[in-house]
Structure formats: C-alpha cells, structure tokens
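In what follows, a structure is listed as structure tokens, so that the remarks can point back to it.
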Number of protein chains: 2
Amino acid sequence: MSKSELVLIVEDDPDLAEILDVHLQQEGFRTDIAIDGKVACEKAVHVQPNLILLDLMLPKLSGLEVLQFLKRRKDCTYIPTIIISAKDDENTIVEALNEGAEDYITKPCSPREMLARANAVMRRAALNQGAAEKVRKLDELEVNFTTHTASIEGKEIKLTRTEFDILWSFMKDNNQVFTRKKLLQLIHGPGVHTVDRNIDVHVVSLRKKLGLYGKKIETVRGVGYRMSF
Amino acid sequence: MSKSELVLIVEDDPDLAEILDVHLQQEGFRTDIAIDGKVACEKAVHVQPNLILLDLMLPKLSGLEVLQFLKRRKDCTYIPTIIISAKDDENTIVEALNEGAEDYITKPCSPREMLARANAVMRRAALNQGAAEKVRKLDELEVNFTTHTASIEGKEIKLTRTEFDILWSFMKDNNQVFTRKKLLQLIHGPGVHTVDRNIDVHVVSLRKKLGLYGKKIETVRGVGYRMSF
DNA sequence: TGAAGTTGGTAAAGATCGTGTAAAGAAGGA
DNA sequence: TCCTTCTTTACACGATCTTTACCAACTTCA
C-alpha cells in the first residue's frame, strides 16, 4: 500500500531544518534532511522524494547548482522543488525558477505558509504527469528532453547519454558559455571527478554526429564551449 | 428502501464528510469515510465500494493520485468515481476525468445534486461496463485500460498486472522516456522500493509476449525505456 | 617574425558501466 | 497446498566513458 509523501529538506541551518521537519511530520509527511548540496543530490537520486525544500545558500554546492543537476536527470526532473531563500536574493530566486523550481518561500518563513505551498506544489505535480514536452530547436535541429531524442530535419540522431546531456545544456541556455567543469558537474553531479579534458572528447563526437550543426558548437578558447544561434 | 450499495466518501473536511454521509444514508446507501488519500486507497481496495466520492484536495496523497492508483489496480478499475472539487480548479477536473473519473461536482455542492449524480453514475456503471473505454493503439497492437487487456490483430495477449501497467505507461505517453524509477512509481505508487533492475526483467517478458511489437520498446541506454511509433 | 608556452582536436586503447537474460527464491492468490 | 507472478541475483557481452598521447592551432613576447 502506498505511503504518504516524502519531503526532502535541504537546509544547512539545523534549527530551521528542525522546524520544517517537525511541521511536515505533523502534517503527515515523511521527511529526510540533507545538510549540504552534495548530500542533497545523493539523497534526491536515491530516495526519490515527492518534494524538495531547497535552501539556496548551502555550503559546498549552491542550491542553484543542486537544482541544475537534478533538473537534468531524467529520474529527478519530476520532483517538484520549493526554494527557500533570503528575501533580498531576488536574482537567484528568478534564476532558480527559470531552472525549473516550482515555487519559493523567503526566510524567515512561516511554517503555515510553507505547508500551504508544499501541499499546493505536490498537488500540481501530481497533475503534471504528462506535462508539456521540453523541446529546444535550432533551425532544423530539434532536441527533446522528454523523449531523449535529437533530430535533424526530422531524422533521429543517435546520441549517448553524455552527448545528449551536453547538447541539452547547450540548447537550454543558448549562447551561454559552459566551462568544462560546469559541464562535468551538470552531467555527473558533485563528487565524481574526472579530468576535464574528457569533455573535449565528448564534444568531438557530438560535433561529428551533428554534422553541419556541429559547427554551431563554438570553442571559447581558455574558457569552454557554447552553442550559439 | 434500503439499497445494498456502498459508497466510500473521501473527504478531509469532517463537516462536509458528515453532510454527504447523512444524505447518502438517508437515501439508503451504506457509507464509509476516508479522511486522507492513503486511507482512501486502503479502504477502496479492502471494502470494494460501489462508488467513490473523491475530494481532490487531500492531505498526504492527492485525490488525483488516489484516482491514478485505483485505476491502475485491476480490482478497482471498475469502481466509478465522482470527483469533488473547487469550482476554479478546472484543470484538475479535466485531468481527473481523463484519468477515468466518471463525473464531478463542484464545491459547495448541493446534496440533492450529489445524490442525483451518484445514482446516475452507479446506474450507468451497472449497465454499461465497457462504455467509456480507454484504448490505445499502435498499428495492430491494442491496449485497453478499462478491461486490462492487450491484443495483437485481435488476438488477446495474456499479460500480468505489472506487464500491463508498464505497457500502458508506454502507450499512454508514447515516445516519452521512462526511467526505471519512474516506472516503479507508476506501478507501485510512491514509497515502495524494489531494485530498479527489476523493471528490466518485466520488460524482457513484455517484449517476448509482444512478439514483433516487442521491438517497439526501445532501450534508451543510461536512461530507461520508451515505446515509439 | 619566430620561439616557447598554452590550449584544443583527435585517435586509440583500456577501464568501466549498463543491459539482456536465465535461474532461483519469495510472495501472493486460489 | 499448488500455481502464478514478482523480485533478486549473477554473469556475459557490448556500449560507452575515460585517459593518454601526440599534433595542430593559437598566444605571448622578444
């Protein structure tokens, strides 16, 4: 029989975490706490919570980075996320919402409001099962995150997971330059360490597979790569 | 004037639950009440009501999730369900109807209207078992959610419940990639944990049973599975 | 202009990971 | 109980990732 929803609290301040925890449990939710971004990513992947409460100011890995990583993993994309943030940090909030956060609350936060939003967000998430497809286009190159396919002029291009992830990053934030490290982080999350020249190899094969569109992946010398219109 | 039908009221507001309860009993129905989604699922499975009145706004498990859970269980698919919902929540209502709800009423709801609809729905349920069939087709492969059957060229394929659920997920959102974790959730509801490689085993036997159509189930390496046209 | 130092492109090889599948044990239903 | 279905486990093989090495291209500075 199904159990009640599990909420993952990502918060480095133990007091606030405790408060959130208590209130959520009173409301009948199961809870889990992560005190930094790395643990948050691990737990999110592992326990597949129904909701994540994510503080943006975290040690090690910022909340935004956690969000970026999770929203790119197919098995975490659907987990709705509520941002917890200082009031004056509006830019970051906007960024987080753009990255796919569902809602936000500002510190100091009232438990009542938090609960209301948590319930609302989960309800919405349950609806969005067959949510809108995430698609990006560049002329005749089309990348579909939902189906994990890329095609040129309607013809499917067979990409490996890593190649796809890199391409999706490029297409999602067009024109943005990605450093090799950033790409590694987006692909692997925190904790895994590979040489960052490794990215070059993937970019090479991606370029090959994209044919003419491979030329759209620019090398930004000394910095990284980007894809541009 | 006693009727034998049992109505399960799923409603977290005690006052409203009481009102519905009283009126249904006056009309001669037996009743049972569940105050949250989890209890609702348990009771529905256990007591096998003839009708469910389901509030969409529930603590723990949303009404929509309850509905999804029930409609995926072979032994609950047939239980007609009337949604109770706030007037302004039209999207949810549509979703619920798509998920297989038979009718809906909006809050605040008149007992008279509720009774009328309840009677109508049960009458319909008793008469046309297979009226509103939910069917998906892929060439000659036909999957019928209402009857929980699949057939190829009219010849029925015998599937286990799990196999059917997986196939239905694939057919329902064609082309979408499903991670193993996602499929587990769809099959078991939230909270149950089995090793996700388990999915592979079901996919293998599903592919076998589907014969040529088994080839339509693609492996997306590093991600999951998907079925495509 | 060219030498020295950096940075990126690419091929190749080995290491690692993911999947298909069979088989056996566990759980559930009649 | 028996029979069906679910779940776990183990192994093999191929796909994919990672590293390394070498060369080309670019930058800097004399």
Side-chain angles (χ1 to χ4, degrees), chain A residues 1 45 73-75 148 150 157-167 169-170 177-189 191-211 214-227, chain B residues 42 45-46 48 72-76 148 150 157-169 177-189 191-211 214-227:
Chain A
M1 176 51 58
V45 170
R73 281 193 60 113
K74 296 247 163 31
D75 57 0
H148 197 94
I157 309 293
K158 213 171 167 320
L159 299 179
T160 70
R161 190 177 65 83
T162 307
E163 286 156 10
F164 183 88
D165 288 347
I166 292 174
L167 179 58
S169 292
F170 287 155
V177 179
F178 292 87
T179 63
R180 294 172 173 77
K181 281 204 172 106
K182 183 70 184 173
L183 286 169
L184 280 177
Q185 196 184 85
L186 291 172
I187 292 166
H188 295 299
V192 180
H193 289 298
T194 51
V195 175
D196 62 8
R197 285 297 309 281
N198 183 6
I199 291 294
D200 297 28
V201 180
H202 291 299
V203 168
V204 166
S205 57
L206 188 51
R207 279 176 171 155
K208 269 188 199 156
K209 290 187 181 180
L210 292 182
K215 300 223 166 51
K216 299 283 187 175
I217 301 177
E218 290 177 16
T219 302
V220 183
R221 187 162 240 270
V223 186
Y225 296 97
R226 81 172 157 180
M227 200 156 188
Chain B
E42 284 161 0
V45 171
H46 195 243
Q48 292 277 305
R72 280 178 201 285
R73 279 193 62 112
K74 199 170 190 172
D75 56 354
C76 294
H148 253 250
I157 309 293
K158 208 171 169 321
L159 298 179
T160 69
R161 187 176 74 83
T162 306
E163 285 157 9
F164 183 88
D165 287 348
I166 292 174
L167 179 57
W168 179 253
S169 297
V177 176
F178 293 87
T179 63
R180 294 171 172 78
K181 281 178 179 149
K182 184 75 186 168
L183 286 169
L184 280 177
Q185 274 182 21
L186 290 170
I187 293 166
H188 293 122
V192 179
H193 284 300
T194 51
V195 174
D196 61 9
R197 285 298 311 283
N198 185 6
I199 291 294
D200 297 29
V201 181
H202 291 298
V203 168
V204 166
S205 57
L206 189 51
R207 278 176 172 155
K208 271 187 197 154
K209 290 186 182 181
L210 292 181
K215 300 223 165 52
K216 299 282 187 176
I217 301 176
E218 289 179 18
T219 302
V220 182
R221 186 165 247 267
V223 184
Y225 296 97
R226 110 188 124 173
M227 198 156 189

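Chain letters run A, B, ... following the sequence lines, proteins first, then strands; residues in each count from 1.
With rounding to whole Å, B:Ile187 atom CD1 is found 8 Å from D:dT7 atom P. To the nearest angstrom, C1' of C:dG9 lies 15 Å from CG of A:Asp196. Spacing between atom CG of B:Asp200 and atom C1' of D:dT8 amounts to 12 Å, rounded to whole angstrom units. Distance A:Asp165 CG to D:dT18 C1': 16 Å, rounded to the nearest Å. Taking atom CZ of residue A:Phe164 and atom P of nucleotide D:dT16, one finds them 14 Å apart after rounding to whole Å. Taking atom NE2 on A:His188 and atom C1' on C:dT16, their separation rounds to 12 Å, with Å as the unit. Nucleotide C:dG20 holds its P atom 14 Å from the CG atom of B:Asn198, rounded to whole Å. Atom P of nucleotide C:dT10 and atom CD of A:Glu163 are separated by 14 Å, given to the nearest angstrom.
Distances shown here put every side-chain N or O of B:Thr160 at or beyond 4.0 Å from the OP1 or OP2 atom of D:dT4. Contact annotation: B:Lys158 side-chain N/O to D:dT5 OP1/OP2 distance is under 4.0 Å. Considering only side-chain N and O atoms, B:Tyr225 lies nowhere under 4.0 angstrom from the phosphate OP1 or OP2 of C:dG18. For B:His202, a side-chain nitrogen or oxygen approaches OP1 or OP2 of D:dT7 to under 4.0 Å. Applying the 4.0 Å criterion to OP1 and OP2 of C:dA11, one finds that A:Lys208 has a side-chain N or O inside that range. Contact annotation: B:Thr219 side-chain N/O to C:dG20 OP1/OP2 distance is under 4.0 Å.
Defining each end axis of the helix from C:dT1-D:dA30 to C:dA30-D:dT1 as the rotation carrying four pairs' C1' atoms onto the next four, with five pairs an end, the two axes are found to diverge by 40° to 10 degrees.
Judged by atom type and distance alone, B:Arg197 does not reach the base of C:dG18 through any side-chain donor-acceptor pair under 3.5 Å. Side-chain to base pairing of A:Arg221 with C:dT7: one donor and one acceptor N or O lie within less than 3.5 Å of each other. One cannot find a donor-acceptor pair under 3.5 Å joining the base of C:dG9 and the side-chain atoms of A:Arg207.
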field: Check against side-chain contact (heavy atoms from CB on, under 4.5 Å), A:Ile187 and A:His202
entry: CA-CA 12 Å; A:Ile187 292 166; A:His202 291 299; 5.9 Å; no
task: For side-chain contact (heavy atoms from CB on, under 4.5 Å), just list the numbers for A:Lys74 and A:His148, CA-CA rounded to whole Å, side-chain angles, deciding distance to a tenth of an Å, and then say yes or no.
output: CA-CA 9 Å; A:Lys74 296 247 163 31; A:His148 197 94; 2.6 Å; yes
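The distance from the CZ atom of A:Phe170 to the CG atom of A:Asp165 is 11.5 Å, given to the nearest 0.5 Å. Taken to the nearest 0.5 Å, the CD1 atom of A:Ile217 stands 4.0 Å off from the CG atom of A:Leu206. A distance of 14.0 Å separates CG in B:Asp196 from NZ in B:Lys182, rounded to the nearest 0.5 Å. Distance CG/B:Leu183 to CD1/B:Ile166: 6.0 Å, rounded to 0.5 Å.
Contact annotation for B:Val203: no contact, since no heavy-atom pair falls under 4.0 Å across all strands. At the heavy-atom level, B:Val195 lies under 4.0 Å from the strands shown only through sugar-phosphate atoms.
Residues B:Leu167 and B:Met227 have side chains in contact (heavy-atom distance under 4.5 Å, counting atoms from C-beta outward).
Salt bridge A:Asp75/B:Arg180: absent, no basic N to carboxylate O contact under 4.0 Å.
Checking A:Arg161 against A:Val220, the closest nucleotide of DNA chain C that is more toward the 5' end is the one next to A:Val220.
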